[in-house]
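A short write-up of the structure that comes next.
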Amino acid sequence: MARYAAGEIEPKWQDAWSEDETFKAVRDPGKPKYYVLEMFPYPSGDLHIGHVRNYTMGDVVARYKLATGHAVLHPMGWDAFGLPAENAAQERKVHPGDWTYGNIANMKAQFSKLGLSLDWSREFATCDPDYYGKQQAMFIDMMEKGLAYRKNAVVNWDPVDMTVLANEQVEDGRGWRSGALVERRELTQWFFRISQYSDELLAALDRLDNWPDKVKTMQRNWIGKSQGLAFSFGLKGAPEGFDDLPVYTTRADTMRGPSFAAIAADHPLARALEAQSPEVAAFCAQCRRIGTSEEALETAEKLGFDTGVKVTHPADPDWELPLYIANFVLMDYGTGAIIGCPAHDQRDLDFARKYDLPVHSVFVPAWWTDEVADHGSPDYVPPERGGPAFVPAKTETVKYIRWFGEAGTEITCQEAMDQTLALFDENGWGTARTQFRLRDWGLSRQRYWGCPIPVVHCDACGVVPEKKENLPVELPKDIDFDKPGNPLDRHPTWRDVACPSCGGPAKRETDTMDTFVDSSWYYARFTSPRAETPTDAEEAAYWMNVDQYIGGIEHAILHLLYSRFFARAMNATGHLPEKGVEPFDALFTQGMVTHETYSTRDATGRTTWYFPSDVEERDGRTVLKSDPAVEVTVGPSIKMSKSKRNVVDPVAIIDHYGADTARWFVLSDSPPERDVEWTASGAEAAHRHLSRVWRLASEVDETAVEGDPEADQDLLRALHRTIHDVTMGIESFGFNSAVARLYAFTNQLSKSEAGRGAKREAMQTLAQLMAPMTPHLAEEIWQMLGGKGLVAREEWPEADPALLVEDSVTMPIQINGKRRSEITVPADMGRAEIEKLVLDTDTVQKALNGGSPKKLIVVPGRIVNVVV
RNA sequence: GCCCGUGUGGCGGAAUGGUAGACGCAGGGGAUUCAAAAUCCCCCGCCGCAAGGCGUGCCGGUUCGAGUCCGGCCACGGGUACCA
C-alpha cells in the first residue's frame, strides 16, 4: 500500500505555489489588505528550530488571511549587519560580507524547504548597498530636522586590543578576548533625539489595543515619566567654579530626611576633585572599571568615597550633608547627582549603614503610635532600629513625622509630595519638573560591518552631510582584520575625501550605525523594496501598517521602541504617512524553544558541551554515542544557544520527516507565547499523526456509500464544531488548541460509521483546516479527493451556527463546592425548573437530610452548587 | 539591583471565577501476526483493599465556589540602552 511520503509531496507543491505565484503580494482594490510580518532573522548561517516556530506561526496567519479573502503581504529579508560577521572575520579570515551572503544563501535554501507562503520577490538584506543607501538618505533628512546630532558619550574601551567593546564582550570588567581591565572612554558620538518624543511614545501606548499588556508596561517603565523636584544644593569646600549642585528627586516629601548627597564618578565635580586628589582619582578609576551597563553598575557592591565637600540644604543653608562619590549613581540619568534618604530607599539605607550615616524616618505607618513603638511590632520595624527601608505605594496613607508640614499629619505620599513641591516653589528652593528615564539613542558604532554614517568632517566647514546623489556611501571591500579596531579608520583611500561643501580635503565619518537602525524601518521598505526613495508613498499608503507583527519577547523594549520612534521620524521627514507612526497594529510575542543540555567536566573543572545528536540513552543513563562508557550530565532545559550546544538542527528533522511534521510539531503542545521544549519523541508522534490523516484520506473511497444516517449527522456536527474551534484558535493565536481540536476530530472521523459522502466532505474540510499548518499535506489530500485548483487559494470554510447548538447540557452538581453528582437537562431549561430537578435528586436529598438548603446557586448551562 | 513574565500528573500542556488534568508523549495491558513492524482497542494525578481523602511552586486572604482574583514569599526565564 502507498504511504505518506513527505519527501515527494513537499517539493511538488512548493513548485506548484511558485508557478501559480500564489503568495505574490498584489494590491487588489476589491479586497481588504493584510500585512503579516515576522521579525526578520539574523543570518547566522543555520536555520534554528526557533526560526521554524516563529515563521510557521506567521505562515499560519498569512495562509489563513489569504483564505479569508485578503490581499496578503508576507515578505522576508535579512538583518544582516552586526558583530558576529566581524568576529567570524577575525576568527576565520573571511570577509564579513562574504561570510554574511554565504550564510544568507544557506539559510534561504533551508527556509525554502519549510514551504512558507512568502513573497520572495521582495527580499533584501540590510547590508545591501541599495538598502543602507536609503537609510543614509533618511539619516541626512533627520540631521536637517535636528533629529540626529552629536554629543559625548562613554564606551567600553579595551586598552590591549585598542578597541571599543560591546557590553556582552565585557565579562567581569574585562575584555572577553584580551582579558584586560576595561576602561570607560568618552567619545563624540551620533544620537537620535528620541527624547523629543518621550511623551508621545508614552501616550500612544494607550492606543495600541492589540499589543500585549506586558510589552506596553515594559515600555512605560522604560520611558519612565516622573514628576519630581529640581533643586540645587549649595556647596562648601568645592573646587573653584562649582557654586551649586543641581539635583533631581522624585521624592520631594522626604526632603527633611536626607543624610548624604552623592555624585557619579563621571560628574564634572568629581572630575575636578579627581584632579586635586590622588585618592579621589583612584576611587573614580575603580568606579569606571565596572563598565557601562546598568546591570553591572547596579549589581556591583555599593561603594562611596567621602569627598570632604559639604552640600547645604536648599531649605536650610545651615544644614550640611556630606558629599560622596558613589559607584551606583548614573551620570546618564537626571543630573548625575542624588540626595540620599536612607529611611525610604533601600539602596540609600544600605549605603548609610555601610558608611555610618544617620537614618531619619520621614513617615511611619498610620497605625504606628508611641505606645506601639514602645512594645515594637512584627509588622513594622523602623529603619533606625534595623528594619528595611519603608517604601509604601504613593497612594498609601502614612503618618508624616519629619517633613515641612505639621508633624503627625496623616496623608498619602502623593499628597505630601504635592504639598512639598508647592512649598519649595513658593520659597524659591526648587521647582517641580517632569523628567523621563528615556535617553537619546546613541547610534555610533566604531565598527566596520554596519551602515556608514553619511557625513564628512571638514576643517573649514565642520560636519557636512554627504550629497544625496553620492549615496550610497559604500563600505570598502579591501579591508583586513589583522589589526584590532575599526578597519575604516585606517583605510586612507576610503576615509580621505573632498568636502561635499567646499571641495577641500576632508575625512569621512568612520563610525557606522547601530544595527537597530537597520531593523527600525525594514517593515516600511518591504512595501516598495525596489523604490528609488526609501519608500513609495502610494505603496506605503496601501500596505502600511503591519496588521500582525510576530517576534520574540526579548525585543519588547529596544527594537519595538526604536521602530516606533523611527516611524515618527520617517513621518516627520516625509517617508511615511501619518497613519504609519505606529507601524505595528497588532503584536504577538512568541516564546523560545528550549532544550536540555549535556555536558561533561574534565579533571581541571573545564566543561565540555555536547549536541543532543551526540548523546543517547542506554540502560537509563545518558551517554556519548561515540563512547558509551562516558556518562554525561543532563542539565535543565534552557534557551537554545550555540555556546551550550543544546540546539536541534531542523534540517535533519525536515529531511527525515518532512517540513509539515516540523511545522505541526512546533505548533502543537505549547501555547505560542510560551517557551517550548523540543523533544525527539514529539516529532515522531507528529509524523505518525500526519501519516494517519494521509491514510484516512486515501481510504475514504473504500467506505460504503450508505452509512448510518445518524452517524452522518454526528460527523457533520463535529465537523462544524471543529471549523468553529480551529478558526477561533487561529484568530486568537491558540495554535496548540487548534491542533488539539484537529487531533480530536481526526479520531472521531476515523471511528465514524458515516457514509462515503459525509466522510469525503469531512475529509476535504479537514484538509482546508489543516492547510495553514501543514500546507503540503493539505494540497495532497485536496487533490486526492478531487478538489479543483490549490487548497491554498480555497475560501476558508464557515461553521453553520445551527449545527453548533447543543440540545441538552450536562451540569455538575456541587454540595458545598465539591462535585458530588451531575444532571442532564434540555439546553433551554430555565433556572427555576433546574432548581426543582436538582433538589429532587438523591444526592441532594441525602445531603439535605430533610432540611432545606442554605443557598442554591444555579448557573444555567454551567454548574449547580448547593450549600447545606 | 531594577522592570516584565512564568510555575498544573512521569513529560509537553488544557480549563469565559464554575466537573482540574482536554489533546499529545512516555508507560502498562490486550487484539491482529508464524513472528515482527505498522495498525487498532483499553487503562493511566497521588494515597487507600475500599469508603474516602489529598492535590495546580509556598504561606495567607476574598468568594457559595479559586489553577484563575488580592497580599506576601520562593524558584526559573527575558530585558537592563554597544548581542540581535
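What you see is a predicted model, and the numbers here were worked out from it, not measured in a lab. So you know, we letter chains A, B, ... as the sequences are listed, proteins then strands, and number each from 1.
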What pairs of donor and acceptor atoms, side-chain ones from residues 853-868 of chain A against any protein atom, are under 3.5 angstrom apart with sequence neighbours left out?
residue  : atom : partner  : partner atom : Å
A:Asn865 : OD1  : A:Gly817 : N            : 3.0

**Message:** Just the rounded figure in Å: distance from C1' of B:rG78 to CE of A:Met39.
**Reply:** 13 Å

**Request:** Could you tell me whether A:Lys216 contacts a base, only the sugar-phosphate backbone, or nothing, with contacts defined as non-hydrogen atoms closer than 4.0 Å?
**Result:** nothing

**Message:** Roughly how many Å apart are B:rG12 and B:rG57, using the P atom of each and rounding to a whole number?
**Reply:** 13 Å

**Message:** Considering every strand and a 4.0 Å limit on heavy-atom distances, what is the contact class for A:Gly552: base, sugar-phosphate, or nothing?
**Reply:** nothing

**Asked** Mind checking the P distance from B:rG72 to B:rA81? Whole angstroms is fine.
**Response** 28 Å

**Request:** For RNA chain B, just give me the dot-bracket, please: Watson-Crick or G-U, both distances below 3.5 Å, ( ) intra-strand, [ ] crossing earlier pairs, | paired with another strand, . unpaired.
**Result:** (((((((..(((.....[....))).(((((.......))))).(((....)))..(((((..]....))))))))))))....

**Message:** Could you check whether A:Thr824 and A:Thr810, counting side-chain N and O atoms only, form a donor-acceptor pair closer than 3.5 Å?
**Reply:** yes

**Asked** Taking the side chain of A:Glu294 as heavy atoms from C-beta outward, which of B:rU80, B:rG79, B:rG53 is closest to it?
**Response** B:rU80

**Request:** Please state how far atom CZ in A:Phe665 lies from atom P in B:rG12, giving the value in whole angstrom units.
**Result:** 12 Å

**Item:** Geometric cation-pi criterion A:Lys225 and A:Phe436, 6.0 Å radius, 45° cone
**Value:** no

**Pairwise P distance, B:rU63 and B:rC2 [rounded to whole Å]** = 33 Å

**Message:** For the aromatic rings, using the six-membered ring if either is Trp, is the centroid distance between A:His687 and A:Phe665 under 6.0 Å?
**Reply:** no

**Request:** Take the angle between the ring planes of A:His51 and A:Tyr55 and call it parallel below 30°, perpendicular above 60°, tilted in between.
**Result:** parallel

**Message:** Under 3.5 Å, is there a donor on one side chain and an acceptor on the other for A:Asn167 and A:Thr292?
**Reply:** yes

**Request:** Would you kindly check whether a donor in the side chain of A:Gln219 faces an acceptor in the base of B:rC3, or vice versa, at under 3.5 angstrom?
**Result:** no

**Item:** C1' atoms of B:rC49 and B:rC34, separation to the nearest Å
**Value:** 42 Å

**Message:** When you compare the side chains of A:Asn54 and A:Glu38, does any donor N or O come within less than 3.5 Å of an acceptor on the partner?
**Reply:** no

**Prompt:** A:Leu856 near the nucleic acid: base, sugar-phosphate alone, or nothing, with a heavy-atom cut-off under 4.0 Å?
**Reply:** nothing

**Asked** Checking all strands, does A:His689 fall into the base, sugar-phosphate, or nothing category for heavy-atom contacts under 4.0 angstrom?
**Response** nothing

**Message:** Taking the P atom in each of B:rC11 and B:rC43, what is the distance between them to the nearest angstrom?
**Reply:** 22 Å

**Asked** Choosing from B:rG79, B:rC83, B:rG13, which nucleotide comes nearest the side chain of A:Arg674?
**Response** B:rG13

**Message:** As a test of the definition: with a 90° window around 0 for syn, would you call B:rG9 syn or anti?
**Reply:** syn

**Item:** Atom-pair distance (CG on A:Asn221; P on B:rG1), nearest Å
**Value:** 17 Å

**Between A:Asp440 and A:Ser195, a side-chain donor and acceptor under 3.5 Å** = yes

**Message:** Looking at B:rC82, I'd like to know if its phosphate oxygens (OP1 or OP2) sit under 4.0 Å from a side-chain N or O belonging to A:Arg445.
**Reply:** yes

**Asked** Contact class for A:Pro41 vs. all strands (heavy atom < 4.0 Å): base, sugar-phosphate, or nothing?
**Response** nothing

**Request:** Classify the nucleic acid contact of A:Ser444 as base, sugar-phosphate or nothing, counting any heavy atom under 4.0 Å across all strands shown.
**Result:** base

**Message:** Within the 4.0 Å heavy-atom criterion, would you say A:Phe328 contacts the bases, only the backbone, or no part of the nucleic acid?
**Reply:** nothing

**Asked** Within this structure, what is the CD-to-C1' distance between A:Glu554 and B:rC3, rounded to whole angstrom?
**Response** 16 Å

**Fill in**
Nearest heavy-atom approach of A:Trp176 to A:Asn87 is CH2-ND2, 3.8 Å

**Request:** Quote, to the nearest angstrom, the C1' distance that separates B:rG65 from B:rG18.
**Result:** 7 Å

**Prompt:** Taking the six-membered ring of A:Trp222, is the NZ or CZ of A:Arg437 close enough (under 6.0 Å from the centre) and on axis enough (within 45°)?
**Reply:** yes

**Asked** To the side chain of A:Asp79, which of B:rG1, B:rA84, B:rC82 is closest?
**Response** B:rA84

**Request:** Mind listing the closest non-hydrogen atom pair of A:Trp190 and A:Arg150 along with its distance?
**Result:** CE2-CD, 3.3 Å

**Item:** Atom of A:Asn747, atom of A:Ser750 and distance for their closest heavy-atom approach
**Value:** O-OG, 3.1 Å

**Fill in**
Once base and sugar-phosphate atoms are separated, protein heavy atoms under 4.0 Å mark nucleotides 18-24 of chain B, 5' to 3', with B, S and - as BB--BSS

**Request:** Mind calculating the distance between CZ (A:Arg439) and C1' (B:rC82) to the nearest angstrom?
**Result:** 12 Å

**Asked** Between atom CG in A:Asp350 and atom C1' in B:rG1, what is the gap in whole Å?
**Response** 10 Å

**Asked** So, does the side chain of A:Gln446 form a donor-acceptor pair with the base of B:rC82 at under 3.5 Å?
**Response** yes

**Request:** Identify whether any heavy atom of A:Thr217 sits under 4.0 Å from a base atom; if not, whether one sits that close to sugar-phosphate; answer base, sugar-phosphate or nothing.
**Result:** sugar-phosphate

**Request:** With heavy atoms under 4.0 Å as the rule, sort A:Trp222 into base, sugar-phosphate or nothing.
**Result:** base

**Request:** Determine: side-chain N/O of A:Arg437 to OP1/OP2 of B:rU80, distance under 4.0 Å, yes or no.
**Result:** no

**Fill in**
Closest to the side chain of A:Arg695, out of B:rC83, B:rC40, B:rG1, is B:rC40

**Request:** Give the rounded distance in Å between these two atoms: CG of A:Leu560 and P of B:rC4.
**Result:** 17 Å

**Asked** To the nearest angstrom, how far is A:Lys854 atom NZ from B:rC64 atom P?
**Response** 10 Å

**Complete:** With the side chain defined as heavy atoms from C-beta on, A:Pro671 is closest, among B:rA84, B:rG13, B:rC82, to B:rG13

**Item:** 5'-most by nearest nucleotide on RNA chain B - A:Thr292 or A:Phe40
**Value:** A:Thr292

**Asked** Do the side chain of A:Gln346 and the base of B:rG1 come within less than 3.5 angstrom through a donor-acceptor pair of N or O atoms?
**Response** no

**Asked** Would you say a side-chain N or O of A:Lys751 is under 4.0 Å from OP1 or OP2 of B:rC41?
**Response** yes

**Prompt:** Should A:Lys855 be listed as having a side-chain N or O under 4.0 Å from OP1 or OP2 of B:rC64?
**Reply:** yes

**Item:** Name of the residue among A:Tyr562, A:Phe565, A:Phe192 meeting ring pair (Phe, Tyr, Trp, His ring centres under 6.0 Å) with A:Tyr197
**Value:** A:Phe565

**Message:** On RNA chain B, does the nearest nucleotide to A:Lys214 precede the nearest nucleotide to A:Ser668 from the 5' side, or the other way round? Give the residue.
**Reply:** A:Lys214

**Item:** Separation of the P atoms in B:rA66 and B:rG55, to the nearest angstrom
**Value:** 12 Å

**Prompt:** Between A:Trp78 and A:Phe40, does a ring-ring contact (aromatic ring centres under 6.0 Å, His included) hold up when you go through it step by step?
**Reply:** CA-CA 6 Å; A:Trp78 310 95; A:Phe40 64 167; 8.7 Å; no

**B:rC23 and B:rA14, which share atom name C1', separated by this distance in whole Å** = 8 Å

**Request:** Can you figure out which of B:rA84, B:rC4, B:rA81 approaches the side chain of A:Asn167 most closely?
**Result:** B:rA81

**Message:** Classify A:Val164 by what it touches in the nucleic acid, base, sugar-phosphate, or nothing, heavy-atom distance under 4.0 Å.
**Reply:** base

